[in-house]
There are 2 protein chains.
Amino acid sequence: MKSKEGFGKVLGRLEREILEVLWARQEATGKAIFAEIKSTREIALTTVLTVLERLWKKGLVKKVKGDSVYVFRPAYTKEGFAREVSGTVLKGIFEISKSGACASFIDTLADTDPVELDRLTVLIENKKKELERKR
Amino acid sequence: MKSKEGFGKVLGRLEREILEVLWARQEATGKAIFAEIKSTREIALTTVLTVLERLWKKGLVKKVKGDSVYVFRPAYTKEGFAREVSGTVLKGIFEISKSGACASFIDTLADTDPVELDRLTVLIENKKKELERKR
DNA sequence: ATAATATTCGACAAACTGTAGAATGTCAAG
DNA sequence: CTTGACATTCTACAGTTTGTCGAATATTAT
C-alpha cells in the first residue's frame, strides 16, 4: 500500500512544527516560534502568525495578551492531544475493523518500543478492574 | 476539543461508502455501486465512477474488464486496510506521544467493546513470545 | 452503421494548508 | 500630538483533496 502522504494525517507540517515548539516551551510569542522555525528553514514571520491564528481558531492553542505582545500556549498537553486524536481516529478505524486495528496496534507498538507491551498489559488490567468496579 | 470533521480522517465520505459496498459484495460494477448508493441519496453515476477511478489510482480498488463492463474489487480486505491505515496513523501519533496514544487506545476499546480487552491481552502475550523467539 | 451503453475527460466548488505582502493597529518617545 | 517601530490582522494566491457532474469519447450490441 503506497499513499504518499499517509492516511489519517493529523496536522499539516507547519502546524505540527509550531505545536512541537509550544509543547517544548510551554509558551512563546509568535516571534519566538518564528525564530525557532526560521533557524531550520526559510519562512516569513507572517506565515507563522497566520498558522498560529488558525491553530487558535481550531482551539489547539491559547492566545493571551502578555507584556504588549500576544503569548501562545498549547491548549492541550502532548499527551492529551495524542489521546484525543487517537481516540477519534481509532473510533473511525474500529468502525471499519476492530480486529485489524488491534493487530496493527500491537504490531506498531512492538515495532516502535517493545517495552511498552508490558506497560500496556498493566493498562489493560487496570481498565478491567475499573470496569468491574463500575459493574 | 471540537474539530468538526475529526482529525486523521482516513477517507472521504463517498470513498468510504464505495469501499464499504465493495467489502460487502466482494466485487461490483460501477453501476451496481451507484445503484446502491443512489438508494440512499441523490447522486450521479459519473460521480461514483470518478471516485472509483480515484480509488483505483490510490491503489485501493482493482479494476478488471468483465463481461463488457469493468468490475471493481477491493484491493485490501477490511481487516487489512484497517491494519495498514491504523499502522500509519498510530506511527504518527506515537511520535507525538506514545503514552497518550496507548491510554486512548485502551479507553476507546473498552468503550466500544470491553470484551476485546481480553483478546488484546492474548495478542500481547503472543507478540511477546514472538519477540522472544526472535531474540 | 446506428443506437444504446460504458468509460474517460475536463471543470468547478468547497475545504485545508502553506505562503507572505499589504494594511492596520498600538504604544512610547519626542 | 505626530512619528516610528513594532505587533497584529487582512487579503490573496497556489496546491491538494474530495465531491460533484456534464460533455465528449469509446465500446458494444443490434
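Atom CG of L14(B) is separated from atom P of dA15(C) by 17 Å (rounded to the nearest Å). The distance from atom NZ of K58(B) to atom P of dT17(D) is 8 Å, rounded to the nearest whole Å. dT17(C) atom P lies 14 Å from atom CG of L52(A), rounded to whole Å. Atom pair I43(A):CD1 and dA20(C):C1' shows a separation of 10 Å (rounding to whole Å applied). In this structure, F34(A) places its CZ atom 11 Å from P of dG21(C), rounding to the nearest Å. Nucleotide dA6(C) holds its C1' atom 13 Å from the CG atom of D67(B), rounded to whole Å.
At a threshold of 4.0 Å, the pair K63(A)-E53(A) counts as salt-bridged, since one of the basic side-chain nitrogens sits closer than that to a carboxylate oxygen. Contact check on E42(A) versus K38(A) returns a salt bridge, with a Lys/Arg side-chain nitrogen under 4.0 Å from an Asp/Glu carboxylate oxygen. With respect to the salt-bridge test (charged N to carboxylate O, under 4.0 angstrom), the residues K128(A) and D118(B) qualify. In this structure, K134(B) pairs ionically with E130(B), as a charged nitrogen and a carboxylate oxygen lie closer than 4.0 Å.
Checking dG19(D), dA20(C), dT17(C) against the side-chain heavy atoms of E15(A) singles out dT17(C) as nearest.
Contact between K65(B) and S68(B) at its shortest, heavy atoms only, is CE-C, 4.1 Å.
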Nucleotide by nucleotide, 5' to 3', does protein get under 4.0 Å of the base (B), only the sugar-phosphate (S), or neither (-) in nucleotides 4-11 of chain D, counting heavy atoms?
-> ---SSBB-
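Remark: the backbone N or O of I43(A) is not paired with any side-chain donor or acceptor of T47(A) at under 3.5 angstrom.
Between R13(B) and dT17(D) there is no side-chain polar atom (N or O) within less than 4.0 angstrom of OP1 or OP2. Distances shown here put every side-chain N or O of T47(A) at or beyond 4.0 Å from the OP1 or OP2 atom of dG18(C).
Across all strands, R16(A) comes closer than 4.0 Å to no nucleic acid atom at all (heavy-atom distances).
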